[in-house]
Amino acid sequence: MNSQYIRKARRRVGLVVGAVATLLIAGTMVAGNAQAAAGCQVAYTVPSQWQGGFTADVKLTNLGDAVNGWSLTWTFPSGQRVTQAWNATVTSSGDQATAKNVSYNAAIATNATVSFGFNGSWSGGNTAPTSFALNGVTCTGRVGEPTPTPTPTDPPPSGGDAMATVAAMQPGWNLGNTLDAIPDETAWGNPLVTQALLHQVKSQGYNSIRIPVTWSNHHGPAPAYTIDAAWLNRVRQIVEWALAEDLYVMVNLHHDSWQWINGYPGDRTNVMNRYTALWTQIATTFRGHSSKLVFENINEPQFTGTSGDAQSDEVLRELTVAFVRLVRQSGGNNATRLLVLPTLNTNSNQGQLDALATTISQLGDANIAATVHFYGWWPFSVNIAGGTRYDASVEQDMVDGFDRVHSTFVAKGIPVIVGEWALLSYDYTRPGIIQRGELLKYFEAVGYQARIRKLTTMLWDAGSFLNRNDLQWRDPGLYALMKASWTTRSATASSDQIYVRRTGSITGKSLTLNLNGTSFRSLRQGSTVLTNGTDYTVSGNTLTLTSGALTRLAGNRAPGVNANLEAHFSQGVPWPISVISYDPPTQAAANGTTSSFTIPTQFRGDQLATMEAKYADGSPAGPANWTSYKEFWSNFQPDYAANTIILKPEFFAEVNDGAVTLTFHFWSGTQITYRVIKSGSSVTGSVS
């Protein structure tokens, strides 16, 4: 890939310093083959010029027979020099410059146009070149013997259908914690992006990829804010790899939102200059790229120093309008490229949706999409306040948000991209925060609820879903359910776990089926089909496993999972059911400090769901003192290998001295109470 293409010198939106030169040159050339007539037209423009520097755009139109591989030469009349170029490899020998094709634009069909551009330096004058030669033959305006071709105007890029484009982007995937990582691509634990990764994403059924990019560590100082060449090269390389896989690609300013854009209300001039300088460089670099490349101006915009959402909505409008105008003015495919605009904080509150709808209406631009993010009902998304299950509150929050987005935008012809979605605390390195069965129900519902409202969804994946080292899904069953949700519904159940005690007789156990428009077909253990009436019964939406079947499946009742079943339905993916043997967990006394305290816990086949903390008077203890149920992992964490439950320093940081009663809730239904006493930094614990 050409390593020269990429730095854009100082340019501000709406500002051109010095003269703007436009030159249209038409001509002929005779190819080596006498049978091939050829001709060309060159449009050379200088859209931006400043003291000592300028930006040039060059459009080369082939008027004759198709060519495959081109070299365009010209002579600078005022001693100008090319400093950086894009969409071509440009070299110089004295005043003579030569631009050669790059891999993706070597072929030019008859009447087709290729574009490239460059930054240059000048002193004393910046007179435009007067003659160009294509593949060694001067352009003179004829194809063979016809009269000179009239100077044509550049045809405007064909406009896009925003609704159709966004629909074609479904489903999408985020390259999270990578180019947005601070300070560089691998800083947050992911390996370097490879072509193989992007090929795998496409092969798994994804049609678009969002590439979050944090630029703040990769550009120079004011006033130019010149993006580092190596960084822009890398961004462009990954974009082009993705485009080569026939993926739609969305690029943005990502953590810049909270690193410096958020200061806009109190520092408008500097923030706007920086913002427009970066977007001008990005827009210029990519203006010749496929219309499958999409720009999103800011990730999760947020502002400091405002008096409320109304003022924040207004300053976001100012940045959004500046973004749309400068991208459109940058020309090329940017004239009609899909632009994606976020609400404040990318939330779906009606006030923020209305504010963005007003901005879009004022812009009067047909190729615009709105974007919001969705991470679910917060208590469930982080497992706090007893939010352990996908329940009616979780679903209603989803439905209400998606309905607002649909009625505000989609119903009025404005497409919507849910640019990020998942659950806030889902992370393969922190197992147990979200129980897997509840996770499956949530993911199935998001797929369905978004699909029926024509929302395009882009999974936020920072490495928790697709393992970027071996390119395999960390949870193939979860991926299979997500994939099914793109086109159909899958049935779920009240749980994916059946707990049976390790001692005593085993009774039948029932699960409630959420059929979601399907019908039950069979219950299987591997390739073995269980027998209806003997091993299980189905009555309406109730599936009951018999005592005999559970006794057989539990085997010797070793603690933990003894058998894995699948309920199959008329469509969608099967629902998993684990048969688990357990004894009620036990705990023991402990001593420690607020910075290091663990409770000895024998889990005995059971798993922790949540923890409550209360003072003697029954009031909530610890952080988030509006609820007795503490946040999983942030305040407490099970360590099954070590047979302990860790109470975090963050928990004790907001606990008063004295006694606190803890109640541990396990997925079997078992509850254990435990008493801790905090005195300064000293902590003791005992079984209640």
Side-chain angles (χ1 to χ4, degrees), residues 13 172 174-185 187-188 210-219 222 225 227-228 231-232 235 249-283 294-327 339-349 351-353 355-356 359-360 368-375 416-422 424 458 460-462:
V13 62
N174 271 267
L175 184 67
N177 284 16
T178 305
L179 295 185
D180 57 314
I182 301 169
D184 53 42
E185 185 175 346
W188 290 355
R210 181 172 181 255
I211 304 179
V213 185
T214 300
W215 302 87
S216 58
N217 299 98
H218 303 285
H219 64 71
Y225 300 106
I227 299 172
D228 298 341
W231 182 250
L232 193 51
V235 173
V249 181
M250 187 156 74
V251 171
N252 69 1
L253 304 190
H254 202 76
H255 294 304
D256 305 81
S257 61
W258 57 263
Q259 287 189 308
W260 56 273
I261 294 175
N262 63 341
Y264 178 64
D267 191 15
R268 292 184 180 231
T269 298
N270 289 327
V271 172
M272 180 63 84
N273 288 347
R274 187 176 181 182
Y275 175 76
T276 56
L278 291 178
W279 265 121
T280 299
Q281 294 173 80
I282 298 165
V294 173
F295 293 155
E296 173 194 24
N297 59 327
I298 311 170
N299 171 70
E300 298 182 351
Q302 53 197 273
F303 302 100
T304 60
T306 57
S307 58
D309 284 353
Q311 186 180 1
S312 291
D313 285 328
E314 171 57 25
V315 297
L316 175 58
R317 185 194 67 81
E318 294 173 13
L319 291 167
T320 297
V321 170
F323 162 74
V324 173
R325 287 176 177 170
L326 76 86
V327 172
L339 303 180
V340 180
L341 309 179
T343 60
L344 182 67
N345 296 304
T346 53
N347 71 36
S348 58
N349 293 340
Q352 277 59 67
L353 298 177
L356 178 57
T359 299
I360 292 174
I368 295 290
T371 186
V372 297
H373 292 174
F374 182 68
Y375 283 98
V416 172
I417 298 172
V418 183
E420 294 181 13
W421 78 275
L424 285 175
M458 306 186 85
W460 177 257
D461 190 354

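Ring centers of Tyr375 and Trp460: at least 6.0 Å apart, outside the cut-off.
Aromatic ring orientation, His218 versus Trp231: parallel (interplanar angle below 30°, classes split at 30° and 60°).
The shortest side-chain heavy-atom distance between Asn297 and Leu339 does not fall under the 4.5 Å cut-off. At a threshold of 4.5 Å between non-hydrogen side-chain atoms, the residues His219 and Gln281 do not count as touching. Between Ser348 and Thr343, every side-chain heavy-atom pair lies at or beyond the 4.5 Å cut-off. Considering only heavy atoms from C-beta on, Pro301 stays 4.5 Å or farther from Ile261 through its side chain. For the pair Leu356 and Val372, the minimum side-chain heavy-atom distance is 4.5 Å or more. Here the side chains of Thr178 and Glu185 are in contact, with some heavy-atom distance below 4.5 Å.
Contact record, Pro265 with Thr304: CG-O, 3.4 Å, taken as the closest heavy-atom pair. Pairing each heavy atom of Trp279 with each of Val251, the nearest pair is CH2-O, 3.9 Å.
Exactly one residue among Asn252, Thr214, Leu253, Leu175 makes a side chain to side chain contact (heavy atoms under 4.5 Å, CB included) with Asp180. That residue is Thr214.
Counting only distance, with no hydrogens or angles, the side chain of Asn174 and the backbone of Gly176 share no donor-acceptor pair below 3.5 Å. Side-chain N or O atoms of Asn299 include none that pairs as donor or acceptor with a backbone N or O of Ser257 at under 3.5 Å.
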field: Derivation and outcome, side-chain contact (heavy atoms from CB on, under 4.5 Å), residues Val315 and Leu319
entry: CA-CA 7 Å; Val315 297; Leu319 291 167; 5.8 Å; no
field: side-chain contact (heavy atoms from CB on, under 4.5 Å) evaluation trace for Val271 with Phe303
entry: CA-CA 12 Å; Val271 172; Phe303 302 100; over 6 Å; no
query: Can Trp260 and Asn270 be said to form a side-chain contact (heavy atoms from CB on, under 4.5 Å), step by step?
result: CA-CA 10 Å; Trp260 56 273; Asn270 289 327; over 6 Å; no
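Remark: the His373 side chain and the Thr346 side chain contain an N/O donor-acceptor pair separated by less than 3.5 Å.
The salt bridge (Lys or Arg N to Asp or Glu O under 4.0 Å) analysis of residues 249-276, with sequence neighbours excluded, yields the pairs Arg268-Glu318.
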